[in-house]
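Every number for a ligand or one of its atoms is a count from 1 in the order of the listing.
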Amino acid sequence: MGEKVIPLADHRYAASIPRIPIQPAAPTGLLGDRLGRPLTDLRISVTDRCNFRCSYCMPKEVFDKQYNFLPHSSLLSFEEITRTARLFVAHGVRKLRLTGGEPLLRKNIEALIAMLAELRTPDGAPLDLTLTTNGSLLQRKAQALKDAGLQRVTVSLDALDDGIFRRMNDVDFPVAEVLDGIAQAQRVGLGPIKVNMVVKRGTNDHEIVPMARYFRENFGGGIVLRFIEYMDVGATNGWRMDEVLPSAQVVERISAEFPLEPLEAQLPGETAQRWRYRDGGGEVGVISSVTQAFCRDCNRARLSTEGKLFLCLFAHQGHDLRALLRGNFDDAQISAAIGEIWTGRDDRYSELRSALHADTGSGQRRVEMHYIGG
Ligand code: SAM
Ligand code: SF4
Ligand code: SF4
């Protein structure tokens with residue numbers, strides 16, 4: 001049966017109310033979508049706000065004082081997030097990643113982490129609980145996050161050069177504070193730490209080798225640096241293909257200075273291709289979302305700040321789980337609805353990207369990155 005599409009009150013993104021199956025099936029932990037992909041990973045956006053204005057994500061001209069961020073009443077509460085996460089875990093999710101916006105801006109995020117850290121898989125194992133942050137508040141918060149039960153963090157960092165970094169975050173935030181935050185995260189044991197750099201040709205591509213050198217030589221080589229191709233998410237960043245530096249060129253540039261060799265993937269669905277320095281100086285990863293789509297292994301669902309479930313980073317439309325959470329439905333019903341949504345999934349935007357870019361006539365608005373996280 002088709003879903004009903006309802007406009008949101010703030011006209012932000014279209015969402016449909018999920019259908020509750022008449023006879024809810026119990027979760028098996030073995031869901032497969034239409035392309036046979038399992039559901040193992042849930043990304044939870046805890047706020048749509050951010051203290052940075054990275055031009056590729058929240059350009060200042062759009063996300064200004066007039067921008068209507070979500071009111072507090074729209075956000076899922078910690079109880080609602082935890083309930084939803086528990087239902088996803090029963091369906092096979094093993095990894096929870098908190099994101100945003102900037103997740104460390106969500107008030108009392110440690111309390112949510114403590115609640116999520118209590119969740120167990122059906123076999124009684126703890127989940128892989130992690131968080132992606134711009135690092136600006138990490139120095140202050142790392143210890144509390146660790147104490148609450150967070151296992152590790154991924155920090156986004158686009159340049160070491162202070163001028164370039166300040167320009168890219170567009171709020172004049174100094175790079176030294178992020179580096180201090182990374183050091184503090186390592187000190188308190190929030191590892192293994194990953195650092196993600198979005199590469200924009202002509203903006204920060206000359207920072208690739210300095211970044212590689214820095215993370216080889218510091219932090220005891222224990223930090224894995226990953227280079228992400230600049231993606232055409234959302235509709236506000238003015239994406240152009242000529243600003244994408246293909247990962248193959250990233251590897252070439254690093255290898256010219258510090259020879260690299262490929263490593264086997266550790267897990268199915270791993271987004272990064274892994275490379276190791278031949279001299280034993282650690283490893284780096286490249287995430288080729290544009291030039292080498294990895295949709296066929298995509299095992300991720302995304303829960304927006306206001307409880308809309310998105311099955312693809314490039315989706316036009318979400319599934320309004322909040323309507324169910326705040327309606328008169330029990331866990332079995334909501335769980336069955338989630339199961340049905342996943343089994344109907346056939347998204348593979350990145351594989352179809354070139355064809356879709358030619359189609360500019362649909363008029364549908366794609367979801368923005370700060371709203372569903374990375
Ligand atoms: N504020 C946090 C941060 O920056 O780490 C978490 C949310 S942010 C949306 C998650 C990740 O998405 C970051 O690593 C960011 O660099 C990445 N990202 C945002 N826009 C992107 C784009 N257009 N292309 C590639 N990555 C992007
Ligand atoms: Fe904020 Fe992260 Fe987006 Fe930058 S990438 S604007 S830090 S949410
Ligand atoms: Fe997954 Fe969509 Fe990205 Fe493909 S484009 S890897 S389906 S999120």
- [ ] May I ask whether Gly101 places a heavy atom under 4.0 Å from ligand 1?
- [x]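 Heavy atoms of Gly101 do come under 4.0 Å of ligand 1.
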Open item on the list: For Met197, state whether at least one heavy atom is located under 4.0 Å from any atom of ligand 1.
Closed with: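 In this structure, Met197 fails to qualify as a contact of ligand 1 - no heavy atom is under 4.0 Å.
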- [ ] Go through the steps to decide whether Asn299 and Arg37 satisfy the test side-chain hydrogen bond (donor to acceptor under 3.5 Å, both in side chains), and finish with yes or no.
- [x] CA-CA 6 Å; Asn299 48 15; Arg37 297 169 296 188; over 6 Å; no
Task: Close-contact set for ligand 3 against Arg302 heavy atoms, below 4.0 Å - done: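 Those qualifying, in numeric order: 8 (S).
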For [X], the ligand 1 atoms whose distance to one of its heavy atoms is below 4.0 Å:
X: Glu102; answer: 1 (N), 2 (C)
X: Glu229; answer: 25 (C)
X: Gly100; answer: 7 (C), 9 (C)
X: Thr99; answer: 6 (C), 7 (C)
X: Asn134; answer: 2 (C), 3 (C), 5 (O)

Can [X] and [Y] be counted as having a side-chain donor-acceptor contact under 3.5 angstrom?
X: Gln273; Y: Ser288; value: yes
X: Tyr230; Y: Asn204; value: no
X: Arg43; Y: Thr132; value: no
X: Glu229; Y: Ser289; value: no

TODO: Would you mind reporting whether Arg253 and Leu245 have side-chain heavy atoms less than 4.5 Å apart?
DONE: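 Sidechains of Arg253 and Leu245: in contact.
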TODO: Measure the shortest side-chain to side-chain distance between Thr343 and Leu31 over non-hydrogen atoms and say whether it is less than 4.5 angstrom.
DONE: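 They are in contact (side-chain heavy atoms under 4.5 Å apart), so the answer is yes.
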Open item on the list: For Phe219 and Phe215, take the angle between the two ring planes, folded into 0 to 90°, and tell me which bin it lands in: parallel under 30, tilted 30 to 60, perpendicular over 60.
Closed with: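 Geometry flag for Phe215 against Phe219: parallel rings.
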Open item on the list: Once you measure the plane-to-plane angle for Phe52 and Phe173, does it fall in the parallel (<30°), tilted (30-60°) or perpendicular (>60°) bin?
Closed with: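 Because their plane-to-plane angle lies in the 30° to 60° range, the rings of Phe52 and Phe173 count as tilted.
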TODO: Mind checking whether Asp158 contacts ligand 1 via backbone (N, CA, C, O), side chain (CB onward), both or neither, at a 4.0 Å heavy-atom cut-off?
DONE: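 Within the 4.0 Å criterion, Asp158 makes no contact with ligand 1.
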Task: Under-4.0 Å heavy-atom contact with ligand 1, by part of Thr132 that carries it - done: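 For Thr132, the contact with ligand 1 is made by both the backbone and the side chain.
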TODO: Only pairs at least two apart or in different chains count here, so list each salt bridge (Lys or Arg N to Asp or Glu O under 4.0 Å) that has a residue in residues 171-187.
DONE: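 Salt bridge (Lys or Arg N to Asp or Glu O under 4.0 Å) check on residues 171-187 returns Arg166-Asp172.
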Between [X] and ligand 1, is there a nitrogen or oxygen pair with a distance under 3.5 Å?
X: Ser156; result: yes
X: Cys57; result: no
X: Asn196; result: no

Distance-only check: which donor-acceptor pairs under 3.5 Å involve side-chain atoms of residues 75-83, not counting sequence neighbours?
residue, atom, partner, partner atom, Å
Ser77, OG, Glu79, N, 3.4
Ser77, OG, Glu80, N, 3.0
Ser77, OG, Glu80, OE1, 3.4
Glu80, OE1, Ser77, N, 2.8
Glu80, OE1, Arg326, NH2, 3.0
Glu80, OE2, Arg326, NE, 2.7
Thr82, OG1, Phe78, O, 2.7
Arg83, NE, Asp331, OD1, 2.7
Arg83, NH2, Phe329, O, 3.1
Arg83, NH2, Asp331, OD1, 3.0

Open item on the list: Can you give me the closest heavy-atom contact between Asn134 and Asn51, atom names plus distance?
Closed with: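 Of all heavy-atom pairs spanning Asn134 and Asn51, the closest is ND2-OD1, 3.0 Å.
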TODO: Verify the neighbour count for atom CZ of Arg120: are there more than 12 heavy atoms of other residues, nucleotides or ligands below 6.0 Å?
DONE: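 Result for CZ/Arg120: enclosed.
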Open item on the list: The test is side-chain hydrogen bond (donor to acceptor under 3.5 Å, both in side chains); show your working for Thr130 and Gln151 and say whether it passes.
Closed with: CA-CA 6 Å; Thr130 178; Gln151 287 160 0; over 6 Å; no
Open item on the list: Within this structure, what is the NE2-CG distance for the pair His91 and Leu42, rounded to the nearest 0.5 Å?
Closed with: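 Between His91 NE2 and Leu42 CG, I get 11.5 Å after rounding to 0.5 Å.
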- [ ] Take atom 4 (Fe) of ligand 2 as the centre and count protein N, O or S atoms at distances under 2.8 Å.
- [x]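 If we list every protein N, O or S atom nearer than 2.8 Å to atom 4 (Fe) of ligand 2, we get 1.
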- [ ] Please list, in chain and residue-number order, the protein N/O/S atoms closer than 2.8 Å to atom 1 (Fe) of ligand 3.
- [x]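 Under 2.8 Å from atom 1 (Fe) of ligand 3 - ignoring waters, which are not counted - the protein N, O or S atoms are Cys298 SG.
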